[in-house]
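Read through the structure below, which is laid out as structure tokens, and then see the notes.
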Amino acid sequence: MKKPFAMGCAGVALLLTSAAAFAQQASTAVPISKPATAATERANEAVRKAMAMADKQDFEDATRGKLAELKDPLVKAPDGRLVWNTQRYDFVKGDAPATVNPSLWREQKLNTAQGLFKVADGIYQIRGYDMANMTLVEGASGWIVIDTLFTEEMARAGLKLAMEHLRSTKPVVAVIYTHSHVDHFGGVRGVLDEADVRSGKVKVIAPEGFMDNAVAENVLAGNAMSRRANYMYGITLPANDKGSVGTGLGLSLSNGAPGLVPPTHLIKKTGEEMTVDGVRFQFQMAQDSEAPSEFMIYLPDKKALCLSEVATKLMHNVYTIRGAKVRDALSWSKYINETLDLYPDAEVAFASHHWPTWGNQNIRQYLANQRDTYRFLHDRALHLANLGMVMDEIGNEPFFPKELVKDASSHGYYGTLSHNLRGVYNFYLGYYDANPATLNRLPPVDAARRYVAAMGGEAAVIANGKKAFDQGDYRWVAEMVNHVVFANPSNADARALQADALEQLGYQAESATWRNAYLMGALELRAGPRTSGASSSGPDTVRGMTNELLFDYIALRLNHEKTDGMKAAISMVFSDTNEVWALELSNSVLNNTKGRVLKNPDVTLTLTRPAFLAMLLQGKKVPELVQAGLIKVEGDPKGFAALVANVVDFDPVFNVVAP
């Protein structure tokens, strides 16, 4: 569905979708899930018997140093919105049910440890109250916060818990963002007042490139990424043994819109050191590893190593199924290898997710295995590619080094061996497998109709699908019956069978993100697309966008068919920043050029950036801003009005499992 673009560019507010929509799901009827089939029970029992992760140390470490937890299980925003329910995942205890892969169940039991934990003298963590962790380091006069959770309300509740239990009245004197992913900076307004940052009272420290990457990563493809993220994180799934058991990386995202306060200090190279409120921090850059802007931190006086999200208690994503630029697995492994040499004396290692590792030898073995995991993904994918194997063949190769199989921290609870190997292939070789037969495939609906006809019609395909389902061949069911769903999405029998197959695949998945995706697909086949959930953007994110990024975002939303043949030359003069921008519409594209002075523009708009943001964030229309004296218009505004009228909003709940 495409909607006309409001005169004031208010469509950018699509980026601002709040996770408040998630709270609405409780009142929406959820289709009844089905039990595990005998085939799924056998598959999960085989996993349980084969599980090599016999080490109990993880369970000791996950609860070590626990000091307190929130007394009220419900964290609410001032408007009454439910932000977090500490009891939501209480069912994850005991032995794995038949509907959950036992290996994933083990990981999620570890992730349910929640509260305030002591990591080392003067270092504490808030864990289990969001998908990520918040770390507190005590300084001489105040607290240094490393990462701030996803939302303001959750960060505030976590900080309050810590200060009350530690009986501290010290203020927050600095915030450190380890990297540019929103679950690590979104809660910043819950731990500081931006006025204190502007005055210099509070420092905000981040790696070089932080703002550009924090703001830009989810903007241009933001609608598609957000929709896909709903599948990856199972946003609308109920939390139970037939639904969401978490994300592997943690439990889930807290409910709210994230904030962003720009950093005041940027770290640019490995070896830089800062003393903040009497605490020494040494930095190791890890750009373009798990995030495009990221560093790790060593506190030499405490022999404490913050691994950011470069090393966690699982195999992370080289390629993330929500969609993002593929990460460099080779560089990732080399950063971890460098860490082993830079900080050989570390006695405790903690990260932005999961629980810490204590003991020098334990840390070194853990880091070596993490290094080898990403190096193996890189080398294995290219080894097989150079043997002539294509992406789907490589993604089905099961070999994984036996010592890494024994280490739960190398298992694919978030990333997987399958899609990460495919990701490395794509990083180097792209989507095309070099077989000309796949060079220009038919679009899904067209291909589906032809496949169904060739297989004897819808009834025949469904009959074969049911036979395969009874045999437990759920991957084949999903691939085969998907053709019927796309050829005829109103075929109730096909949708039901496809949902049943995806559900069983979800029950068997070791990866939480695969489980969520499968179960979301089953849910939507049965009930249709659900209301969108958490967004990674908020007003702070839009304010942090450069003018160029804002113009680029508006440009990609042009209705290309309707603007074909239109021309417009628009000059935008920002009086407060002394910037001149030329917007030129031709050939269905809107080019933007900073500093270009148009000789004969159709219209010149003189305004301030706050006025521009009022258009984008508040839906203010040009005429009312003109009347208020905030915009000056010279020339004929018809071209600008025509351009604005042909910018569309994207449907945030477009179809995924059916056309």
What I want to find out is whether [X] reaches [Y] closely enough, with some N-O distance under 4.0 Å, to be called a salt bridge.
{"X": "R380", "Y": "E397", "answer": "yes"}
{"X": "D500", "Y": "K466", "answer": "no"}
{"X": "R106", "Y": "D58", "answer": "yes"}
{"X": "R449", "Y": "E458", "answer": "no"}

Is [X] reaching over with its side chain to a backbone N or O of [Y], donor-acceptor style, under 3.5 angstrom?
{"X": "R515", "Y": "E510", "result": "no"}
{"X": "D183", "Y": "A132", "result": "no"}
{"X": "Y89", "Y": "K109", "result": "no"}
{"X": "E294", "Y": "E309", "result": "yes"}
{"X": "Y233", "Y": "I235", "result": "no"}
{"X": "K242", "Y": "L519", "result": "no"}
{"X": "Y474", "Y": "E503", "result": "no"}
{"X": "N488", "Y": "V484", "result": "no"}
{"X": "S244", "Y": "G246", "result": "yes"}
{"X": "T99", "Y": "D241", "result": "yes"}

Item to complete: Please step through side chain to side chain donor-acceptor pair (under 3.5 Å) for the pair S418 and T416, ending with a clear verdict.
Response: CA-CA 5 Å; S418 176; T416 69; 4.7 Å; no
Discussion item. Can you tell me which residue among H184, H316, K313 is in a side-chain hydrogen bond (donor to acceptor under 3.5 Å, both in side chains) with H353?
Written reply: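 In the set H184, H316, K313, the residue that makes a side-chain hydrogen bond (donor to acceptor under 3.5 Å, both in side chains) with H353 is H184.
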With distance as the sole criterion, is a donor-acceptor pair present between the side chains of [X] and [Y] under 3.5 Å?
{"X": "Y413", "Y": "S103", "result": "yes"}
{"X": "K93", "Y": "T112", "result": "no"}
{"X": "T357", "Y": "N362", "result": "no"}
{"X": "N369", "Y": "S410", "result": "no"}
{"X": "N44", "Y": "Q508", "result": "no"}
{"X": "E290", "Y": "H181", "result": "yes"}
{"X": "N111", "Y": "Q108", "result": "yes"}
{"X": "T320", "Y": "Y414", "result": "no"}
{"X": "N396", "Y": "R475", "result": "yes"}

Decide yes or no for [X] and [Y]: does some side-chain heavy atom of the first lie under 4.5 Å from some side-chain heavy atom of the second?
{"X": "S252", "Y": "W84", "result": "yes"}
{"X": "L82", "Y": "L74", "result": "yes"}
{"X": "M315", "Y": "S511", "result": "no"}
{"X": "Y507", "Y": "N101", "result": "no"}
{"X": "V318", "Y": "R422", "result": "no"}
{"X": "L161", "Y": "Y129", "result": "yes"}
{"X": "N133", "Y": "I126", "result": "no"}
{"X": "E69", "Y": "L116", "result": "no"}

Discussion item. With side chain to side chain donor-acceptor pair (under 3.5 Å) as the criterion, how do E524 and Y231 come out once you've worked through the C-alpha distance, each side chain's angles and the decisive distance to 0.1 Å?
Written reply: CA-CA 10 Å; E524 293 194 353; Y231 269 63; 2.7 Å; yes
Please name the pair of heavy atoms, one in [X] and one in [Y], separated by the smallest distance, quoted to 0.1 Å.
{"X": "T373", "Y": "F400", "result": "CG2-CZ, 4.4 Å"}
{"X": "V245", "Y": "W105", "result": "CG1-CZ3, 4.2 Å"}
{"X": "A478", "Y": "L502", "result": "CB-CD2, 4.1 Å"}

Worksheet item: So among F427, F376, Y374, which one has a ring pair (Phe, Tyr, Trp, His ring centres under 6.0 Å) with W332?
Response: Y374
Worksheet item: Any idea how Y319 and H419 line up, ring-wise: parallel (<30°), tilted (30 to 60°), or perpendicular (>60°)?
Response: perpendicular
Discussion item. Does R48 form a salt bridge (Lys or Arg N to Asp or Glu O under 4.0 Å) with E45? I'd like the steps, not just the answer.
Written reply: CA-CA 5 Å; R48 186 188 66 79; E45 177 62 16; 2.4 Å; yes
Worksheet item: Within a radius of less than 6.0 Å around OH of Y451, do more than 12 heavy atoms belonging to other residues, nucleotides or ligands occur?
Response: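 Result for OH/Y451: open.
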Worksheet item: Within 45° of the axis and under 6.0 Å from the centre of the six-membered ring of W355, does NZ or CZ of R64 qualify?
Response: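 No, R64 does not lie over the aromatic ring of W355.
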